[in-house]
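Beneath this line is the structure, given in structure tokens, with notes to follow.
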Amino acid sequence: MPAPPTDLTSFSQPRYAEVPTFMRTPLASDWSSVDIGLIGVPYDGRVTNRPGARHGPRELRNMSSLTRAIHHVTKVNPFEIARIADLGDVRFQRLFDGDGALDEIADFYARIREANVVPLSAGGDHTVSLPILRGLVGDGEAVGLIHVDAHTDTWDEFQGSKYMHGTPFRRAVEEGLVDPKRTIQIGIRGPQNHAEGWDYSLNSGMRVMFMEEVVDRGIRETIAEARRTVGSGRTYLTFDIDSLDPAFAPGTGTPEIGGFTTREAMQLLRGLSGLDFIGGDLVEVAPPFDVGAITATAGAGLMYEILCLLATAFKARPTA
Ligand SMILES: [Mn+2]
């Protein structure tokens, strides 16, 4: 019997073959030989509208089988720069136990930080970014944040809960994980029933670029504004797939018309190269509402763009 292939990044087997890990990277249980970890966070217990993002990681893994190595614009090959592996999913044992699932996510990412692994995560609903930041930042200095989304996700609460997918970045500021003055929210749009999310973002010092400003000034100036806002310090990147227009990402819980094209999103992400990213996530892909894997295909492609950013930042670090 032939031995199973151990080096799928060399594309030794057709891309539709074998078990679909993220981007066909090896599945690693030993994190000591991993620089960048691809991680699934299959949790969607805190959504206000359509659930389904719990199925995001599996479908993103599937569509990411199409990933190739060398970026066609920057010529960056993240797989040459860093040791990249699929670390599997965050495991849950307290899924229905209060905030147990969020604690389990935070514990997982605290171990990721201890292991010196740079995480690229696939949600899950946007709630998961809060426990990811808790684990990753811990008691350390607040990080900068680039947040691409249709919504600010800075509500105070919903139905009496402080922890749901409309609140993570308000909590992250309150908990000292994120520096609001080094935070930019890009692509915000759509009506709200209360202005409190927008108000909180602006009053806390975040730079909020509503979609109209992005359209008026263009992607290049949006990039410049993002780079200016976060500066040279440690920064986290969070990308909500509902920042894309529903034409490009129908499979999501809270679709909002008037969003980015996939090409604009790629250009935007590419323009952030060279910033000191400590990790990133792509959230809110909900396969039950997807059509012909449009959303998962976009999500997998954007994860590759983010991977290139993380690998470039990793390479620039003195410890790399
Ligand atoms: Mn969001």
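All of these numbers come straight from a predicted model, not from anything done at the bench. Atoms considered below: every heavy atom in the structure, side chains included; atoms not considered: hydrogens, waters and symmetry mates.
Donor-acceptor pairing under 3.5 Å is recorded for the side chains of R182 and T235. No hydrogens or angles considered: nothing links the side chains of T254 and D242 as a donor-acceptor pair under 3.5 Å. A donor-acceptor contact closer than 3.5 angstrom is absent between the side chains of Y236 and S129. Side chains of H126 and E284: no donor on one and acceptor on the other come within 3.5 Å.
With salt bridges taken as basic N to acidic carboxylate O contacts below 4.0 Å, one links R270 and E305. Salt bridge absent: R234 and D276 never bring a charged side-chain N and a carboxylate O closer than 4.0 Å. Using a cutoff of 4.0 Å between basic side-chain nitrogens and carboxylate oxygens, R111 and E114 are not scored as salt-bridged. A salt bridge links D99 and R46; the closest N-O separation between the charged side-chain nitrogens and carboxylate oxygens is under 4.0 Å. By the 4.0 Å N-to-carboxylate-O rule, E175 lies too far from R171 to be salt-bridged with it. Using a 4.0 Å cut-off between charged nitrogen and carboxylate oxygen, R170 and E196 count as a salt-bridge pair.
Of the options L177, L133, D179, a side chain to side chain contact (heavy atoms under 4.5 Å, CB included) to V143 is made by L133 and by none of the others. Each of D89, L102, V90 was checked for a side chain to side chain contact (heavy atoms under 4.5 Å, CB included) with Y43, and the lone residue meeting it is L102.
Connection of L309 to L307 is established within a shared hydrophobic cluster, with ILVMFWY side chains joined at heavy-atom distances below 4.5 Å, either directly or through further cluster members.
Side-chain atoms of D149 never come within 3.5 Å of backbone atoms of D240 as a donor-acceptor pair (strictly under, hydrogens ignored). A donor-acceptor distance shorter than 3.5 angstrom exists from the side chain of Y304 to the backbone of A69, with no hydrogens or angles considered. Counting only distance, with no hydrogens or angles, the side chain of D245 and the backbone of G258 share a donor-acceptor pair below 3.5 Å.
Shortest non-hydrogen contact noted between A311 and P78 is CB-CB, 3.7 Å. Listed here is the closest heavy atom pair of I186 and A226: CD1-CB, 4.2 Å. Here the shortest heavy-atom pairing between F248 and P250 reads C-CD, 3.7 Å. Of all heavy-atom pairs between M23 and S64, the closest is N-OG, 2.7 Å. Heavy-atom minimum distance, D290 versus A296: OD2-N, 3.1 Å.
To the nearest 0.5 Å, atoms CD1 (I146) and CZ (F277) are separated by 4.0 Å.
No more than 12 heavy-atom neighbours from other residues, nucleotides or ligands sit within 6.0 angstrom of CZ on R220. More than 12 heavy atoms of other shown residues, nucleotides or ligands fall within 6.0 angstrom of atom CZ in R113.
F314 has its side chain within reach of I81: a pair of non-hydrogen atoms, C-beta onward, lies under 4.5 Å apart. Taking the side chain as every heavy atom from C-beta outward, R83 and V34 never approach each other to under 4.5 Å. Between T183 and F169 the shortest side-chain heavy-atom distance does not fall below 4.5 Å.
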